[in-house]
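All remarks here apply to the structure that follows.
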Amino acid sequence: MELRQMRYVIAVAETNNFTRAAHRCLVVQSALSHQIARLENELGARLFERTSRQVRLTPAGAAFLPVARQCLDAAERAAAEVAAAVGEVRGRLAVGLIPTVAAVDIPTVLKKFHQLHPKARISLGVGASNELVEQVKSGEIEVAFLGIPVTARPQGVTARELARERLVAVVSPDHPLAGETSVDLRRLSSEVFVDLPAKTTGRAQSDLAFTAAGLTREVPFEVTNADYLARLVGAGLGVALLPPAYVAGLAGLVTIEVTDAPSRAEYVIWGRESLTPAATAFLALLGIEQE
């Protein structure tokens, strides 16, 4: 069983197509198909069901796929550790972040990281804080940047607090509140809100603040993407509470100070197990040295 065969199986499983998988793996389709057939003969089971319309995993293929991924990850980790032993950082660096992260200039840090370690491969994913914590715990990503209520702390991971900030109200220029310099939560509780989905960590920042003040609010618009959330606010659909550093990069919106605003803390987190050389080097750029 060869690593390239596992790589081909993963590519076909992810694309559901032999032609696209061959293109991804930079080989001709006949070579990819031949290697997968060889692997199936060696295993004594078909990994894919092939029809004229689709390709899908068989039960045997579904069982083989996670193991193949683990093998490739282990091989890549071994190669990265050998390279690190001679002073070279390579391998994968998977970073996750919330879209409103502001404590760190992510593009600038990634640019510097790439300049210092050009052989490392960088993947960047955007998601909700609670999802990112689970992805770090499972090893899907190595490092993540979160924004959570100041009363909470990431669990099951190693965490370093980066900054705290009070949220601000954001409205469209023609909103009745646009001329105000400051408001409080009681005044805002009568407004229609645009916010992140219920039960997400980003939503909890505001929900907890209104609940603590003995107030309720109406949130008829829930959006999973912060950029689109801002677009809905700009269209006059409602009010939002957002981090001021994030709002500073948005055009066409009015920012209002909230006298009793909720606060959020930004964290960088990483797994409790040993880090890859690439993740260790990335954290070092943030001034975080591993013991």
Side-chain angles (χ1 to χ4, degrees), residues 96-108 124-133 144-152 154 161-213 215-268:
L97 73 158
I98 57 172
T100 58
V101 63
V104 175
D105 186 342
I106 301 296
T108 297
L124 193 64
V126 179
S129 293
N130 50 325
E131 296 171 348
L132 295 174
V133 170
F145 296 88
L146 318 177
I148 62 177
V150 294
T151 55
E161 184 174 327
L162 300 172
R164 293 190 177 198
E165 58 185 346
R166 290 162 55 89
L167 303 186
V168 296
V170 182
V171 299
S172 63
D174 57 355
H175 191 279
L177 290 177
E180 301 290 336
T181 57
S182 66
V183 294
D184 60 16
L185 291 179
R186 182 168 297 279
R187 172 66 182 84
L188 288 174
S189 66
S190 63
E191 297 292 332
V192 171
F193 272 81
V194 182
D195 210 331
L196 298 170
K199 299 183 180 181
T200 60
T201 307
R203 170 73 171 270
Q205 299 162 28
S206 299
D207 284 346
L208 289 173
F210 279 96
T211 300
L215 302 169
T216 59
R217 60 175 181 149
E218 182 183 358
V219 188
F221 300 102
E222 295 183 342
V223 190
T224 58
N225 181 284
D227 290 339
Y228 210 82
L229 184 154
R231 290 183 62 184
L232 295 186
V233 171
L237 293 180
V239 179
L241 290 172
L242 294 170
Y246 174 72
V247 176
L250 303 176
L253 298 178
V254 176
T255 300
I256 308 168
E257 179 187 355
V258 181
T259 56
D260 51 350
S263 297
R264 80 164 185 178
E266 286 194 34
Y267 283 88
V268 58

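Small disclaimer: the values here were computed from a predicted structure and weren't measured.
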Quick one: are [X] and [Y] in side-chain contact, heavy atoms under 4.5 Å?
X	Y	result
Val104	Val268	no
Val126	Leu97	yes
Leu250	Val233	no
Asn225	Pro99	no
Val239	Ile256	no
Arg264	Ile98	yes

For Asp105, all residues meeting side-chain hydrogen bond (donor to acceptor under 3.5 Å, both in side chains), sequence neighbours excluded: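 Checked Asp105 against side-chain hydrogen bond (donor to acceptor under 3.5 Å, both in side chains); matches are Thr108.
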
Quick check for you: to the nearest 0.5 Å, what is the distance between [X] atom [atom1] and [Y] atom [atom2]?
X	Y	atom1	atom2	value
Phe210	Arg186	CZ	CZ	10.5 Å
Asp195	Glu218	CG	CD	13.0 Å
Asp207	Thr216	CG	OG1	11.0 Å
Asn130	Arg203	CG	CZ	13.0 Å

Testing the basics here: between [X] and [Y], what is the closest heavy-atom pair and its distance to 0.1 Å?
X	Y	value
Pro262	Leu185	CD-CD2, 4.3 Å
Pro149	Thr201	CD-CG2, 3.8 Å
Pro154	Ile148	CD-CD1, 3.6 Å
Gly252	Pro173	O-CD, 3.3 Å
Thr224	Pro197	CG2-CG, 3.7 Å
Leu167	Ser206	CD1-OG, 4.0 Å

Residue pairs fulfilling ring-ring contact (aromatic ring centres under 6.0 Å, His included) with at least one residue in residues 216-244, sequence neighbours excluded: none

Taking side-chain contact (heavy atoms from CB on, under 4.5 Å) as the definition, give me every residue that meets it alongside [X], ordered by chain and number, with sequence neighbours left out.
X	result
Ser172	Asp174, His175
Ser263	Val150, Arg166
Ala178	Val171, Val254

Steps toward side chain to side chain contact (heavy atoms under 4.5 Å, CB included) verdict (Val258, Leu188): CA-CA 9 Å; Val258 181; Leu188 288 174; 3.9 Å; yes

Pairs flagged by side chain to side chain donor-acceptor pair (under 3.5 Å) wherever residues 245-260 is involved - sequence neighbours left out: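 Checked against side chain to side chain donor-acceptor pair (under 3.5 Å) - neighbours excluded - the pairs reaching residues 245-260 are Asp227-Tyr246.
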
With no hydrogens and no angle check, is any side-chain donor or acceptor of [X] less than 3.5 Å from a backbone partner on [Y]?
X	Y	answer
Thr211	Leu208	no
Ser190	Arg187	yes
Glu266	Ala102	yes
Glu131	Ala128	yes

Check against side chain to side chain contact (heavy atoms under 4.5 Å, CB included), Arg231 and Val223: CA-CA 10 Å; Arg231 290 183 62 184; Val223 190; over 6 Å; no

